[in-house]
Amino acid sequence: MADAPFPRPVVTRFAPSPTGYLHIGGARTALFNWLYARGRGGRFLLRIEDTDRERSTPEATAAILRGLTWLGLDWDGEAVSQFGRRHRHAEVAHDMLARGAAYRCYSSQDEIVAWREAARAEGRSTLFHSPWRDADPATWPDGPFAIRMKAPRGGETIVEDAVQGTVRFDNGQLDDMVVLRSDGTPTYMLAVVVDDRDMGVTHVIRGDDHLNNAARQQMVYDAMGWEVPVWAHIPLIHGPDGKKLSKRHGAVGLEEYQAMGYPAAGMRNYLTRLGWSHGDAEVFTSAQAMSWFDLSGIGRSPARLDFRKLENICGQHMAMAEDAALLQELQAYLAAAGQPALSPQQADVLQRSLYCLKDRAKTFPELIDKARFALATRPIVPDEAAARALDSVSRGILKSLTPQLQGASWTKDALEVILSEAAAANGLGFGKIAAPLRAALAGRTVTPSVYDMMLVIGRDETVARLQDAAA
RNA sequence: GGCCCGUUCGUCUAUCGGUUAGGACACCAGGUUUUCAACCUGGGAAGAGGGGUUCGACUCCCCUACGGGCUGCCA
């Protein structure tokens, strides 16, 4: 069932913390936001949540932008720095103070930590109730204070979530969160709300680790009289063992997938399908994904990464790709993987051979491996199995073939006639002479069609390789 | 501890009270073939457990188990 139409242009955002690489789960979150906005003619914004000055680095920001760019997720406008908006956040905090929606809390962190530890030890609730909530201003000491949200004490906060449904929180479970620290810097809880509202974000699509936060954040929206966005909390991605995805599962950074040579289109398709469905659709283009993607198609349970399926999807996208685009992406892969670039000659022969390679490969390393017949130069050194195929009888056949090939018209039909006749003349099936041909042309027993190889490398090279092998 | 979310084949999922519970990946068998891949045909494979509600529950409600998240002057 499709989502109900939204009355205004859709604005979504991806808001990563620049504290490391772009996590594969984060990439999927970004992808969902991108699909939702792009599929509805809306805007997709990027905000870097760099308010944690200790852990945020420009390198991490650069890595995130690189990852998104590789995945093909383009954002509108410049990425917003959350840290750069700290004065605006403080302004809102003071506005809340003025409205009586927040209060000055003079409790020190040490005090609070000690209180919480005691509460935990005694098995009491660890929710901190500041003694300053209703304090008389006359009693305010002359020290630093944090600004705390004056959360409603009774009743409940209801989060209407497009994925999780209606989620109710007893307000007694939510304490007065700090919105502005005693050093004057904003907390995340305040900053997200202010930024989302100022950026005009209409739909907040993010990991469900934020579901509880949504209730708190909603209190800020309410306190400021702002319209609450549409929430969509999506389940996290788990490792193949069903546990939370972590480094011990292997690749968790998006750039590792790029380095492994997965094509971006396949990656997008796989990630889109992970936790979202549109009937039985499995393999689709990004244009299709944009037109189909909706919040109601998102599942509520965490999905596990399955490399086999990733590979299968990638293989299908590789086969669907246009040769020129595929070659370009392959070259980008080589650069990203730190491998030597293709020479112009190699690029040319590779592009001409893609038609017979791309439907047999799932990743770029695999594609390159299968392209060895085209990339290699004489003399072709046969591997062990290929060497066995080049026995004396086979070499004799190869030798007898060369004069005919020299005079042949270089088309598949003509070659087929020559090779079939040669097989018949030797009382062999075609398969029996294909093996030594593969060995001579590629040095391997597993290759594309012998005709395709001959057509790609051309007459002179074919004859030369056969002569090499027959010698 | 408290609160919140989740649980359909091994995996990703369809199903939105009535289906022989469907598809895809993976796996197995056969076919095709010029090796491999691809492709074709067939096969095994699932509603966590227990209570309700209902003429009828995978679907709605409750409990339990298991998994996950939150519980910071981190984001």
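Below, chain A is the first sequence line, B the second, and so on; all start at residue 1. All figures in this text were calculated on a predicted structure; none of them were measured in a lab.
The pair A:Arg148-A:Asp175 does not meet the salt-bridge criterion, since no charged nitrogen lies less than 4.0 angstrom from a carboxylate oxygen. Between A:Asp369 and A:Arg444 there is a salt bridge, since at least one side-chain N of the basic residue sits less than 4.0 Å from a carboxylate O of the acidic one. A salt bridge does not link A:Arg88 to A:Asp195: none of the charged side-chain nitrogens sits closer than 4.0 Å to a carboxylate oxygen.
Partners of A:Tyr36 by ring pair (Phe, Tyr, Trp, His ring centres under 6.0 Å), not counting sequence neighbours, listed by chain and number: A:His203. Annotation: side chain to side chain contact (heavy atoms under 4.5 Å, CB included) contacts of A:Asp280 (sequence neighbours excluded): none. Judged as a salt bridge (charged side-chain N to carboxylate O under 4.0 Å, His left out), and not counting sequence neighbours, the contacts of A:Lys358 are A:Asp323. For A:His278, the ring pair (Phe, Tyr, Trp, His ring centres under 6.0 Å) partners are A:Trp292, not counting sequence neighbours. Under the rule for a salt bridge (charged side-chain N to carboxylate O under 4.0 Å, His left out), the partners of A:Arg352 that lie at least two apart in sequence or sit in another chain are A:Asp348. Taking A:Glu54 as the reference, A:Asp52 meet the side chain to side chain contact (heavy atoms under 4.5 Å, CB included) condition, with sequence neighbours excluded.
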Which letter, B, S or -, goes with each nucleotide of nucleotides 70-75 of chain B from 5' to 3', with contact meaning a protein heavy atom under 4.0 Å? S-SBBB
Please encode protein proximity along nucleotides 19-31 of chain B as a string of B, S and -, counting only heavy-atom distances under 4.0 Å. ---BBBSSS----
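Judged by Watson-Crick or G-U wobble contacts below 3.5 Å, the nucleotide B:C60 has B:G52 as its partner. When both pairing distances are held under 3.5 Å, B:U19 makes no Watson-Crick or G-U pair with any nucleotide shown. Base pairing annotation: B:A24 forms a Watson-Crick or G-U wobble pair with B:U11, both donor-acceptor distances under 3.5 Å. Pair assignment for B:C66 gives B:G6, based on Watson-Crick or G-U wobble hydrogen-bonding distances that are each under 3.5 Å. Judged by Watson-Crick or G-U wobble contacts below 3.5 Å, the nucleotide B:U34 has no partner.
A ring pair (Phe, Tyr, Trp, His ring centres under 6.0 Å) check over residues 418-459 of chain A, counting only residues at least two apart or in different chains, returns the pairs A:Phe430-A:Tyr451.
Whole-Å rounding puts the A:His238 NE2 to B:G10 P distance at 19 Å. The distance from atom CG of A:Leu211 to atom P of B:C4 is 11 Å, rounded to the nearest whole Å.
Outside the 6.0 Å centre-distance limit, the rings of A:Trp132 and A:Tyr103 are not counted as a close aromatic pair.
Residues of residues 436-452 of chain A having a heavy atom closer than 4.0 Å to RNA chain B, listed by number: A:Arg438, A:Thr445, A:Val446, A:Thr447, A:Pro448, A:Ser449, A:Val450, A:Tyr451.
A donor and an acceptor atom, one from each side chain of A:Asp413 and A:Thr411, are nowhere located under 3.5 Å apart.
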Could you pull out the protein-nucleic contacts involving nucleotides 58-65 of chain B (nitrogen or oxygen on both sides, under 3.5 Å)?
none

When the side chains of residues 20-32 of chain A are checked against the rest of the protein, which donor-acceptor pairs come out under 3.5 Å, sequence neighbours left out?
unit_1	atom_1	unit_2	atom_2	d
A:His23	ND1	A:Gly25	N	2.8
A:Arg28	NH1	A:Leu274	O	2.6
A:Arg28	NH2	A:Pro235	O	2.4
A:Thr29	OG1	A:Gly25	O	3.1

